[in-house]
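Heads up, the thing below is written out as structure tokens.
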Amino acid sequence: MKQKIQAKDIWLLVAQALLLSFIMLSPGLISYISSRDGGMVTQALWISAFWLGPMVGVYLLNFYLFIPLLWFRNRFWLFGIANVVLIILSNLHLISNDISNLPNYVQVGFSSFVMISFLLCLMAIGIALSIRYMMRRSERKQKEVEAELAWLKNQINPHFLFNTLNNISSLAQIDADETQEAIIQLSDLLRYAMYETNKPKVRLDGEVEFMRNYIDLMKLRCNEMTTVNSQFTIHNSQLEVAPLLFISLIENAFKHGVNSNAPATIDISLEQQDDMLVFNCDNTNNPKPTKDRSGSGIGLKNTRRRLDLLYPGRYTWEQAITPENIYHVKISIRL
């Protein structure tokens with residue numbers, strides 16, 4: 001299967017071209033600065049091409065051909081033979097020189113230069129291998145991160161779906177009209193979760209609308225003893241954030257804060273200022289009995305893990321139970 005050329009591949013090629021061009025042109029540039037003599041500059045460039053050209057050619061062929069097609073496919077013998085042939089051919093202009101009639105000291109000096117050229121070619125192979133291995137490790141790490149993020153998000157989707165269905169099921173026994181409206185809201189939630197969150201990031205206005213609908217559906221499980229306040233202050237709705245990032249926290253607030261036999265308060269807010277996004281969620285602390293294992297912290301762990309992967313070093317997490325018995329969570333993210 002043909003691999004799609006990505007922007008990072010083009011940038012890598014440009015960076016390598018600039019670096020290798022600088023290496024090849026440096027002698028000529030130094031000669032120009034020191035002498036301002038066009039003839040000496042030309043001579044310096046020819047010498048550079050003569051001695052450094054083989055190293056550059058060996059590096060490029062290994063980086064773009066031999067390492068991907070031979071080394072990474074465990075064809076080590078073929079990789080070695082190909083490079084031996086390549087180094088010999090690259091230095092043929094040096095090896096083919098007849099220096100037998102030259103003085104011994106010249107022969108020794110020339111042979112030393114040939115050996116240096118061979119060593120430079122070997123060094124170029126080593127550099128190409130090192131860069132390729134670093135790139136491969138980075139790509140594998142990126143794929144692992146993407147796979148883990150996909151898994152974490154998939155844990156969220158069925159989680160809130162099952163809880164919302166339970167809420168609607170309870171409502172169906174009380175009010176058919178409200179049940180129909182709730183089903184429409186759930187349909188909007190599912191449409192957003194299925195079609196809008198396939199991207200790494202979504203617009204803030206879409207995420208806020210999703211949270212509003214979700215909070216409305218979660219209110220279905222509350223009686224008159226529960227007060228729910230929500231506030232969303234967004235100055236730039238086109239900013240983007242990871243999808244469904246705060247849903248588990250909202251769900252936990254309702255699941256562990258609402259008690260049908262005691263007063264409860266849930267306060268949810270999301271505020272955006274410049275590139276900072278601050279989410280606050282406070283709820284009366286009404287912990288469930290030990291035997292009730294529903295929602296046993298998986299959502300919080302998933303949220304924390306997603307933040308670690310998506311916003312490393314760019315978020316803060318506050319979590320505490322206040323003296324007033326309020327469970328408090330605050331997340332600040334630099335987008």
Side-chain angles (χ1 to χ4, degrees), residues 148-149 152-157 159-161 163-164 185 188-189 192-193 196-197 199-219 221-222 226-258 264-287 295-322 324-335:
E148 185 173 359
L149 283 170
L152 290 170
K153 196 170 73 173
N154 287 336
Q155 299 301 302
I156 295 172
N157 291 349
H159 207 221
F160 82 77
L161 172 60
N163 284 282
T164 304
Q185 283 185 305
D188 291 338
L189 288 179
Y192 179 84
E196 300 297 327
T197 64
K199 300 172 289 186
K201 294 184 179 180
V202 294
R203 281 178 38 156
L204 270 177
D205 53 359
E207 191 71 5
V208 166
E209 183 64 23
F210 179 87
M211 286 192 285
R212 290 186 194 275
N213 288 334
Y214 186 77
I215 291 170
D216 287 342
L217 287 174
M218 294 300 288
K219 286 180 182 178
R221 68 186 299 170
C222 304
T226 300
T227 301
V228 180
N229 302 308
S230 60
Q231 182 176 355
F232 300 91
T233 306
I234 305 299
H235 301 285
N236 184 359
S237 62
Q238 296 189 6
L239 285 176
E240 294 185 326
V241 67
L244 309 180
L245 194 57
F246 307 113
I247 293 303
S248 291
L249 301 175
I250 297 174
E251 180 188 356
N252 273 5
F254 282 92
K255 180 173 294 184
H256 303 292
V258 175
T265 301
I266 298 174
D267 293 312
I268 299 167
S269 68
L270 183 70
E271 182 178 3
Q272 173 262 319
Q273 285 284 356
D274 298 326
D275 63 342
M276 288 298 299
L277 191 64
V278 180
F279 175 83
N280 272 287
C281 187
D282 296 334
N283 60 271
T284 305
N285 185 36
N286 287 314
S296 56
I298 295 175
L300 288 175
K301 291 179 181 178
N302 283 358
T303 302
R304 195 76 183 260
R305 181 59 180 157
R306 289 184 74 200
L307 287 167
D308 287 337
L309 294 172
L310 292 167
Y311 301 99
R314 294 160 52 197
Y315 82 94
T316 59
W317 177 291
E318 296 179 12
Q319 182 178 345
I321 298 177
T322 69
E324 295 79 17
N325 199 35
I326 298 296
Y327 188 85
H328 167 74
V329 176
K330 178 181 178 181
I331 300 174
S332 301
I333 305 174
R334 187 171 298 279
L335 299 176

Can you tell me how far the [atom1] atom of [X] sits from the [atom2] atom of [Y], to the nearest 0.5 Å?
X	Y	atom1	atom2	value
L277	E240	CG	CD	12.5 Å
M211	L244	CE	CG	10.0 Å
I266	I326	CD1	CD1	10.0 Å
E271	M276	CD	CE	10.5 Å
W317	L300	CH2	CG	5.5 Å
I321	N283	CD1	CG	9.5 Å

Item to complete: List in chain and number order the residues that pass side-chain hydrogen bond (donor to acceptor under 3.5 Å, both in side chains) with Q273, two or more places apart in sequence or in another chain; answer none if no residue qualifies.
Response: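 Q273 satisfies side-chain hydrogen bond (donor to acceptor under 3.5 Å, both in side chains) with H235 once adjacent residues are dropped.
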Review point. By side-chain hydrogen bond (donor to acceptor under 3.5 Å, both in side chains), which residues pair with Y311, not counting sequence neighbours?
Key: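 Testing Y311 for side-chain hydrogen bond (donor to acceptor under 3.5 Å, both in side chains), a comparison that skips the adjacent residues, returns none.
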_Main chain of T265, side chain of T284: is a donor-acceptor contact present, judged purely on distance under 3.5 Å?_
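Yes, because the side chain of T284 sits within donor-acceptor range (under 3.5 Å) of the backbone of T265.
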Discussion item. Could you check whether any side-chain N or O of Q272 sits under 3.5 Å from a backbone N or O of N236, counting only pairs where one atom can act as donor and the other as acceptor?
Written reply: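 Checked: pair present.
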Validation row: [X], [Y] side chains within 4.5 angstrom (heavy atoms):
X	Y	answer
K330	D282	no
R304	Y315	yes
I247	F210	yes
P243	K199	no
I215	I250	yes
L310	I333	no
T233	Q231	yes

If you look at every heavy atom in [X] and [Y], which pair is closest and at what distance?
X	Y	result
A264	G257	CB-O, 3.3 Å
V202	E207	CG2-OE1, 3.6 Å
L204	V241	CD2-CG1, 3.9 Å
K219	F254	N-CE2, 4.1 Å
P312	L309	CD-O, 3.7 Å

By ring pair (Phe, Tyr, Trp, His ring centres under 6.0 Å), which residues pair with F246, not counting sequence neighbours?
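Here the qualifying residues are F279.
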Step by step, would you call D267 with N280 a side chain to side chain contact (heavy atoms under 4.5 Å, CB included)?
-> CA-CA 8 Å; D267 293 312; N280 272 287; over 6 Å; no
Notebook entry, point to check: How far apart are the C-alpha atoms of L245 and L307, what are their side-chain angles, what is the distance that settles it, and do they pass the side chain to side chain contact (heavy atoms under 4.5 Å, CB included) test?
Noted result: CA-CA 8 Å; L245 194 57; L307 287 167; 3.8 Å; yes
Notebook entry, point to check: When you look at H256 and Y327, which way does the side chain to side chain contact (heavy atoms under 4.5 Å, CB included) test go after all the steps?
Noted result: CA-CA 9 Å; H256 303 292; Y327 188 85; over 6 Å; no
Do other residues, nucleotides or ligands put more than 12 heavy atoms under 6.0 Å from the CZ atom of R334?
->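 At most 12 heavy atoms, drawn from other residues, nucleotides or ligands, come within 6.0 Å of this atom.
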